[in-house]
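Here is the structure we will look at, set down as structure tokens.
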Amino acid sequence: MSYKQTSAMLTSWKKQEDLDFLDRVSSVPLQQSLRHLQAAFTNFFSGRAKYLNFKKKRNGGSAEFTKSAFKWKDGLVYLAIGCRTITD
């Protein structure tokens with residue numbers, strides 16, 4: 001599956017009632033995780049990496065945001081996460 005296909009699937013998943021939590025967060029880290037997944041499988045199938053190991057929840061988490069997920073105003077950085085904006 002390509003990134004384009006998984007991104008389209010994500011869009012349809014956001015419309016499902018049982019997966020509505022996906023629509024409550026910013027789409028930026030969700031799309032970025034799809035890009036990372038695509039790169040990992042590409043590397044695996046081309047022989048540059050071993051099969052994927054999924055991270056455990058207990059090991060902490062991280063998110064990667066693109067430039068469009070930030071806003072700088074009056075000396076504060078605003079990070080878009082769904083309907084809210086965090087300033088701390």
Side-chain angles (χ1 to χ4, degrees):
M1 293 191 123
S2 68
Y3 166 75
K4 187 175 180 179
Q5 291 170 315
T6 56
S7 182
M9 290 170 65
L10 176 63
T11 302
S12 66
W13 291 338
K14 286 181 163 189
K15 296 174 184 175
Q16 293 179 17
E17 188 175 324
D18 59 331
L19 298 174
D20 64 344
F21 63 90
L22 291 172
D23 204 30
R24 291 187 226 142
V25 296
S26 174
S27 62
V28 176
L30 295 174
Q31 290 171 343
Q32 191 61 37
S33 64
L34 292 178
R35 287 187 192 93
H36 284 257
L37 183 64
Q38 180 65 35
F41 274 114
T42 299
N43 288 335
F44 169 71
F45 287 117
S46 65
R48 292 188 301 256
K50 294 182 179 181
Y51 192 75
L52 285 64
N53 286 326
F54 295 96
K55 294 181 179 179
K56 306 281 189 274
K57 255 184 160 177
R58 67 178 177 269
N59 291 341
S62 64
E64 184 175 324
F65 290 86
T66 59
K67 186 177 179 180
S68 63
F70 294 94
K71 183 170 93 174
W72 179 266
K73 184 178 177 183
D74 300 326
L76 296 173
V77 175
Y78 294 85
L79 175 61
I81 56 166
C83 300
R84 300 173 299 199
T85 302
I86 295 177
T87 57
D88 294 327

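Residue numbers count from 1 along this sequence.
Atoms NE2 and CG, on His36 and Leu52 in that order, are 12.5 Å from each other to the nearest 0.5 Å. Distance CD/Gln38 to CD/Gln5: 8.5 Å, rounded to 0.5 Å. Rounded to the nearest 0.5 angstrom, Leu30 CG and Thr6 OG1 are separated by 11.5 Å.
A distance-only check finds a donor-acceptor pair linking the side chain of Ser46 to the backbone of Thr42 [under 3.5 Å].
Counting only heavy atoms from C-beta outward, the side chains of Leu34 and Leu10 approach each other to under 4.5 Å. The closest side-chain heavy-atom distance from Asp23 to Lys15 is not below 4.5 Å.
Contact detail for Leu19 and Trp13: the closest heavy-atom pair is CB-O, 3.4 Å.
Between Phe44 and Phe41, the two ring planes are perpendicular [angle over 60°; tilted spans 30° to 60°].
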